[in-house]
Amino acid sequence: EAVKDKAIVGVGLGQAFVLSRAAFLAETPRNTVHRWTSLCYAFLGDPVLNPHHHGKGYAVHTGWRHQPIAADFLAFVDADGSIAPADILRLLQLAVASDAAQLLLISSRKPSPTTVIRRRFLRRLLNRLFAHIVNFHFHLSVYDPQCGFKIISAPYFASIEPMLKEHGFIFDVELLAHAKADGVTLREEPINWVHMEHNRIHLVKDGIQMLFDVARLRLRIAHERSSR
């Protein structure tokens, strides 16, 4: 009930999983997507379709930028089924109930007494390594910078949107880096997680690329902010 009083625009990637009235990006024919989403989610506006693949970050930013309503919060979720709908709703309620002027609320695969995490050891190990590298570069203290569900205050996104240039997998690291630098409230909440085998990330190739991207991102943000 608490979520009903707030406008939340969400983007689901991979499948037509949508949090609320939303821009839905897909790489399938417009008439097919529109017909399917209209039948399943009558409250949706027209989808925003991206005819070419430009990366996950590009899809999320475009969806948020073309929000069909004036939103209080913006969110995205990886729609591979790894995160249970109950956890999505719980975090939305936490965001709405927050009294923070600006908020970035992120899901986390951090072990806790109330959550269950099911994923392979190698993925867990590489995730921890990546998190330490991100925290070192951007002076963060985040356990899981890349868990696939994040909620951000819409006015804050609008204020930094011109500076967001990462279209690939580290787009959410860019969000975290700016939020930290701007003093935005960062809140990390544990969720239940079940790894899905159809995940398209290549551990070695994409992992190495992301390490280079993080170093490049640190230099770019430092340069841009020093020039402001």
Side-chain angles (χ1 to χ4, degrees), residues 2-3 8-20 22 24-25 55-57 59-60 63-64 73-98 103-135 138 140-152 166 168-177 179-180 185-211 213-214:
V3 175
I8 303 173
V9 171
V11 178
L13 299 176
Q15 302 170 14
F17 185 90
V18 186
L19 304 178
S20 184
F24 169 59
L25 283 81
K56 179 178 179 180
V60 172
W64 287 352
F73 295 95
L74 303 168
F76 80 88
V77 61
D78 290 348
D80 58 1
S82 296
I83 304 175
D87 279 325
I88 294 172
L89 180 59
R90 177 172 60 85
L91 266 62
L92 289 174
Q93 291 171 331
L94 290 175
V96 169
S98 172
L103 175 69
L104 178 55
L105 193 154
I106 68 174
S107 61
S108 174
R109 290 163 289 196
K110 183 176 183 178
S112 79
T114 60
T115 57
V116 175
I117 310 298
R118 294 176 182 169
R119 58 176 174 163
R120 294 182 177 180
F121 173 77
L122 180 58
R123 284 185 175 272
R124 185 166 65 250
L125 179 64
L126 293 177
N127 177 260
R128 297 304 308 128
L129 175 62
F130 184 77
H132 283 301
I133 292 172
V134 168
N135 286 332
F138 300 106
L140 294 164
S141 56
V142 174
Y143 182 89
D144 192 357
Q146 284 204 300
C147 192
F149 179 36
K150 290 181 173 63
I151 306 168
I152 188 171
E166 297 300 325
F169 287 122
I170 68 162
F171 80 97
D172 43 4
V173 176
E174 185 180 30
L175 286 177
L176 287 165
K180 171 68 175 181
T185 299
L186 288 174
R187 180 169 177 177
E188 189 171 17
E189 286 291 329
I191 59 165
N192 296 287
W193 177 275
V194 178
H195 173 68
M196 297 297 176
E197 291 300 329
H198 52 268
N199 190 299
R200 293 184 296 178
I201 295 179
H202 190 283
L203 289 181
V204 176
K205 183 178 73 173
D206 291 332
I208 293 174
Q209 183 61 53
M210 286 161 62
L211 293 179
D213 288 344
V214 166

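Values below: every heavy atom of this structure, side chains too, minus hydrogens, waters and symmetry copies. Only a predicted model underlies this, so the values are computations on that prediction, with no experimental measurement involved.
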Exercise. Identify, with sequence neighbours excluded, every residue that meets side-chain contact (heavy atoms from CB on, under 4.5 Å) alongside D87.
Key: I83, A84, R90, I191, N192

Quiz item: CD/Q146 to CG/D172 distance, rounded to the nearest 0.5 angstrom?
Solution: 5.0 Å

Quiz item: Residues two or more places apart in sequence or in another chain: which of them pass side-chain contact (heavy atoms from CB on, under 4.5 Å) with A179?
Solution: L104, Y156, V184, L186

Quiz item: Out of curiosity, S107 OG to D78 CG, how far, rounded to the nearest 0.5 Å?
Solution: 8.5 Å

Practice problem: Check whether any side-chain heavy atom of R118 lies under 4.5 Å from a side-chain heavy atom of H195, and answer yes or no. | Solution: no

Quiz item: Are L176 and I106 close enough that some pair of their side-chain heavy atoms sits under 4.5 Å apart?
Solution: yes

Practice problem: Return yes if some donor-acceptor pair links the side-chain N/O of S82 with the main-chain N/O of V194 below 3.5 Å, else return no. | Solution: yes

Quiz prompt | Heavy-atom side-chain contact between F169 and M210 under 4.5 Å | solution = yes

Quiz item: Charged N to carboxylate O below 4.0 Å: is that the case for K110 and D144?
Solution: no

Quiz item: Looking at CD1 of I117 and CZ of R124, how far apart are the two atoms once the value is rounded to the nearest 0.5 Å?
Solution: 9.5 Å

Self-check item: Beyond-backbone contact of L211 with F130, side-chain heavy atoms, under 4.5 angstrom
Solution: yes

Self-check item: Non-hydrogen side-chain atoms of S108 and F149 separated by less than 4.5 Å
Solution: no

Quiz item: Is a side-chain N or O of N127 found less than 3.5 angstrom from the main chain of R123, in a donor-acceptor match?
Solution: no

Practice problem: Please examine the side chains of I152 and W64, heavy atoms only from C-beta on, and report whether any two atoms are closer than 4.5 Å. | Solution: yes

Self-check item: Spatial distance of atom OH (Y143) from atom CZ (R128) [nearest 0.5 Å]
Solution: 4.5 Å

Quiz prompt | side chain to side chain contact (heavy atoms under 4.5 Å, CB included) partner of I151, chosen from L103, V96, L91, I88 | solution = L91

Quiz prompt | Nearest heavy atoms of A95 and L105, plus distance in Å | solution = N-CD1, 3.9 Å

Exercise. Could you pull out all residues at least two apart from E189 that satisfy side-chain hydrogen bond (donor to acceptor under 3.5 Å, both in side chains)?
Key: R187

Quiz item: Sub-3.5 Å donor-acceptor pair from the side chain of E174 to the main-chain atoms of E166, do we have one?
Solution: yes

